[in-house]
Amino acid sequence: MTQPHIQPRLRIAPSPTGQLHVGTARTALYNFLYARHLGGEFFMRIEDTDVTRSKREHADAFCEMLRWMGIDWDGDIIYQSDRFEMYTQAINSLLEKGLAYECFETPEELEAINAERKEKKLPPGYDGRARNLTQDQIQAYKNEGRPRTVRFITPDSGTSEFEDAIRGKVSVLWENVSDFVIERGDGTPTFFLANAIDDIDMDITHVVRGEDLIDSTHRVLALRRALGNAEQPFYAHTPMILAPDRSKLSKRHGAVSLESYRDAGYLPEAMVNYLVLLGWAPSNDREIVTLEEMISEFDIFNVNKSGAIFDVKKLEWMNGEYIRAMQTTSIVTRLKTMADARYGSSYDFERFERAVELAQPRATTFVAMLDQMDPLFAQDFSIGQEYVEALRSTDQAIEILDAVEKHLTDCDWTLVGIDLRDVVSEIGLKPRKALPAVYIAIEGSTSGLPLFDFIELIGRDEAIRRMRNAKLLLG
RNA sequence: GUCCCCGUCGACUAGCGGCCUAGGUCGCCACCCUCUCAAGGUGGAAACGGCGGUUCAAAUCCGCUCGGGGAUGCCA
């Protein structure tokens, strides 16, 4: 348990093998919030012991994404790949003390052992057969050129138990936990070992991590004791973030990385707000909360036990809430970079500002906002096939387009002047019946920016040109 | 197979034995507003997995059961 005289020290310990998974992002957020809530410190440790899969660029991207979320950390970033020497020393000392032993099985042999145990309905895993290898046998294996792994000896009987802030007492019978690898055949340490050592070395007092790690906690705890550290940190295992089918959220379910949401135009504030709600709720039925409010209210003991499905629809709604709450000028600033990338640098900036104003009240994401502006700025305006069909099957389409074109030719070029409601009513149609066709002609689809404003923005010549083009499509 | 964890509306959750004929939010439906689609407004449908206990009283506690998820890796 925590020592009262030590400041709380928490950490996020990602494995940099890909983009930042939303689950990891939420774990990082919970760690950060709880650390700040307790007035403690929050550290960043990159768990890159698997040298074949870990990439520095992923670690860098991870840090960048946390900053994007508004999360900062204390001290320097720790890379486990810089600390192999320390781990190797620890492994050797465990070996010397007889708390670990050398193994030489091939992957095929291990699989066979596992299959056999499964067959016999025994707990899965390694059977510990190399525990009592003689020096001669060990030498013989080495002479054969077999790679060596080191396994930690787990107890054969008894119970492992720890207190979890979210789940209460968690226990397992040791007979179900087999001896596990702490050093791989290539000499690198595994997660269990590096994780245990670093948490000790960094004086981590509170460990907040995903529920998928709950079983490994017993092994890490045993390792800590073997390493001479009897006291347990405070543990909290957070529920998983699930796909719509309640399975573990993975790439096959679509966008799972924070990068993809950032690139899709989601605001970090909305993302953070949405993520914090997956497993925790602020008081008084509030949903929209600032980071500061989260920090002051967040309590790990109030985190839910059960997994939460990631619901993009709600995220979209929340993002829209944040967009609508923003100053239009700051949206312009943030959106300009994306617009530059999309439209080059020659588009009309005043028109762009005006378009942002029109798009803001109806937007869910920045990308959706730009999509609505496409027919305004994109070089290659055209009407999609499905809308061409829709246009063709509109009653009196020709009549509508003719009347609108005629009106646009000589009306005042103001919002009031452009107003098409009287125009369509003169040919006996209600706006909701007639205007979709005009939307298609002008904006290329039936959903988009308000029509009259849009027409005013593109100007008389372009508006008339689009009306004529649309009529050509009708043949 | 073995072990661990979980179980309130379709989704996220509130609920810590009486404030519950179960509240909020997203989504859905209807209506209003309206220049299509949105946004906004109003209203609505919608849940305590099941069975047994404990108790004057159970969504809340206990047991069983069913269902779901996770771990079983020289990934973390």
Side-chain angles (χ1 to χ4, degrees), chain A residues 13-15 17 24 47-50 52-54 103 105-107 110-111 114 117-126 147-151 164 166-167 170-173 175-178 180-188 190-192 194-195 209-218 237 239-240 242 244-248 274 277-288 304-311 313-318 320 324 359-364 368 372 419-421 424 431-440 443 445-454:
Chain A
S15 182
T17 55
T24 316
E47 304 219 324
D48 53 355
T49 59
D50 182 354
T52 58
R53 299 202 313 158
S54 299
C103 295
E105 284 82 7
T106 63
L110 290 173
E111 210 170 301
N114 219 328
R117 290 176 67 83
K118 205 176 215 176
E119 185 91 3
K120 291 183 183 162
K121 301 195 176 186
L122 288 166
Y126 185 67
R148 177 197 82 159
T149 61
V150 178
R151 283 182 190 268
D164 188 282
I166 296 172
R167 277 150 228 289
V170 179
S171 68
V172 68
L173 260 21
E175 62 194 60
N176 292 313
V177 183
S178 68
F180 55 93
V181 172
I182 56 176
E183 184 181 292
R184 286 184 270 259
D186 63 0
T188 59
T190 61
F191 154 75
F192 303 104
N195 189 273
R209 42 163 28 172
E211 198 204 332
D212 49 340
L213 261 25
I214 200 164
D215 289 325
S216 78
T217 304
H218 298 100
H237 287 88
M240 308 278 290
L242 274 23
D245 65 359
R246 299 211 86 88
S247 66
K248 201 172 178 177
Y274 177 69
L277 259 24
L278 258 25
W280 176 78
S283 60
N284 300 115
D285 291 331
R286 285 172 307 146
E287 297 247 283
I288 307 279
N304 267 215
K305 290 178 165 77
S306 52
I309 292 176
F310 190 87
D311 180 10
K313 276 272 201 296
K314 185 158 181 176
L315 204 212
E316 268 181 18
W317 162 78
M318 183 159 285
R324 286 188 285 282
Q360 179 177 13
R362 53 206 301 115
T364 55
Q372 292 198 320
D419 196 324
L420 296 168
R421 280 171 289 190
V424 295
R432 60 181 311 152
K433 197 85 178 122
L435 288 176
V438 186
Y439 269 90
I440 292 171
E443 302 192 37
S445 86
T446 54
S447 65
L449 266 16
L451 184 62
F452 308 155
D453 300 83
F454 193 96

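The sequence lines fix the lettering, A, B, ..., with proteins before strands; numbering per chain opens at 1.
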Sticking with atom [atom1], work out how far [N] lies from [M], rounded to a whole angstrom.
| N | M | atom1 | answer |
| --- | --- | --- | --- |
| B:G52 | B:U25 | P | 36 Å |
| B:G70 | B:A76 | C1' | 14 Å |
| B:A22 | B:A47 | C1' | 9 Å |
| B:C5 | B:U55 | C1' | 29 Å |
| B:A11 | B:U2 | P | 29 Å |
| B:C4 | B:G17 | P | 28 Å |
| B:C6 | B:G63 | P | 12 Å |

Comparing A:R148 with A:L449, nearest RNA chain B nucleotide closer to 5' gives the residue A:L449
Residue pair A:A363/A:T149 against RNA chain B: nearer the 5' end by closest nucleotide is A:A363
In whole angstrom, give the distance that lies between atom [atom1] of [X] and atom [atom2] of [N].
| X | N | atom1 | atom2 | result |
| --- | --- | --- | --- | --- |
| A:E111 | B:C74 | CD | C1' | 13 Å |
| A:Q372 | B:A39 | CD | P | 11 Å |
| A:L420 | B:U34 | CG | P | 17 Å |
| A:L242 | B:G69 | CG | C1' | 7 Å |
| A:I288 | B:C26 | CD1 | C1' | 11 Å |
| A:F180 | B:C3 | CZ | C1' | 16 Å |
| A:D285 | B:C26 | CG | P | 12 Å |
| A:K314 | B:C9 | NZ | C1' | 13 Å |

d(A:L242 CG, A:D311 CG) to nearest 0.5 Å is 12.5 Å
Between the CD atom in A:E47 and the OG1 atom in A:T17, the distance rounded to the nearest 0.5 Å is 11.5 Å
By the Watson-Crick or G-U definition, both distances under 3.5 Å, B:C26 is matched with B:G10
Re B:U72: Watson-Crick or G-U wobble partner, both distances kept under 3.5 Å, found to be B:G1
Salt bridge or not between A:R148 and A:E183? Use side-chain N to carboxylate O under 4.0 Å.
yes
Practice problem: Taking only Lys NZ, Arg NE, NH1 and NH2, and the carboxylate oxygens of Asp or Glu, determine whether A:K314 and A:E287 approach each other closer than 4.0 Å. | Solution: yes
side-chain N/O [X] vs [N] OP1/OP2, d < 4.0 Å:
| X | N | value |
| --- | --- | --- |
| A:N304 | B:U8 | no |
| A:T49 | B:A76 | yes |
| A:R432 | B:C33 | no |

Within the 4.0 Å heavy-atom criterion, would you say [X] contacts the bases, only the backbone, or no part of the nucleic acid?
| X | answer |
| --- | --- |
| A:L278 | sugar-phosphate |
| A:G320 | nothing |
| A:S447 | base |
| A:S171 | sugar-phosphate |
| A:L315 | nothing |

Does the side chain of A:R184 pick up a donor-acceptor pair with the side chain of A:T49 at under 3.5 Å? yes
Looking only at heavy atoms, the pair that brings A:I309 and A:R246 closest together is CD1-NH1, 3.4 Å
Note: A:R117 and A:P123 closest approach over all heavy atoms is NE-O, 2.9 Å
Nucleotides 70-73 of chain B: which of its N/O atoms have a protein N/O under 3.5 Å away?
| from | atom 1 | to | atom 2 | distance (Å) |
| --- | --- | --- | --- | --- |
| B:G70 | OP1 | A:K248 | N | 2.9 |
| B:G70 | N2 | A:D215 | OD2 | 3.1 |
| B:A71 | OP1 | A:K248 | NZ | 2.8 |
| B:G73 | OP2 | A:N114 | ND2 | 2.7 |

Winner on side-chain proximity to A:K313, out of B:C3, B:C26, B:U13, is B:C26
Can you give me the N/O atom pairs linking the protein to nucleotides 40-50 of chain B at distances under 3.5 Å, or say none if there are none?
| from | atom 1 | to | atom 2 | distance (Å) |
| --- | --- | --- | --- | --- |
| B:G40 | OP1 | A:E321 | OE2 | 3.3 |

key: Step-by-step side chain to side chain contact (heavy atoms under 4.5 Å, CB included) determination, A:N195 to A:R209   = CA-CA 12 Å; A:N195 189 273; A:R209 42 163 28 172; 3.9 Å; yes
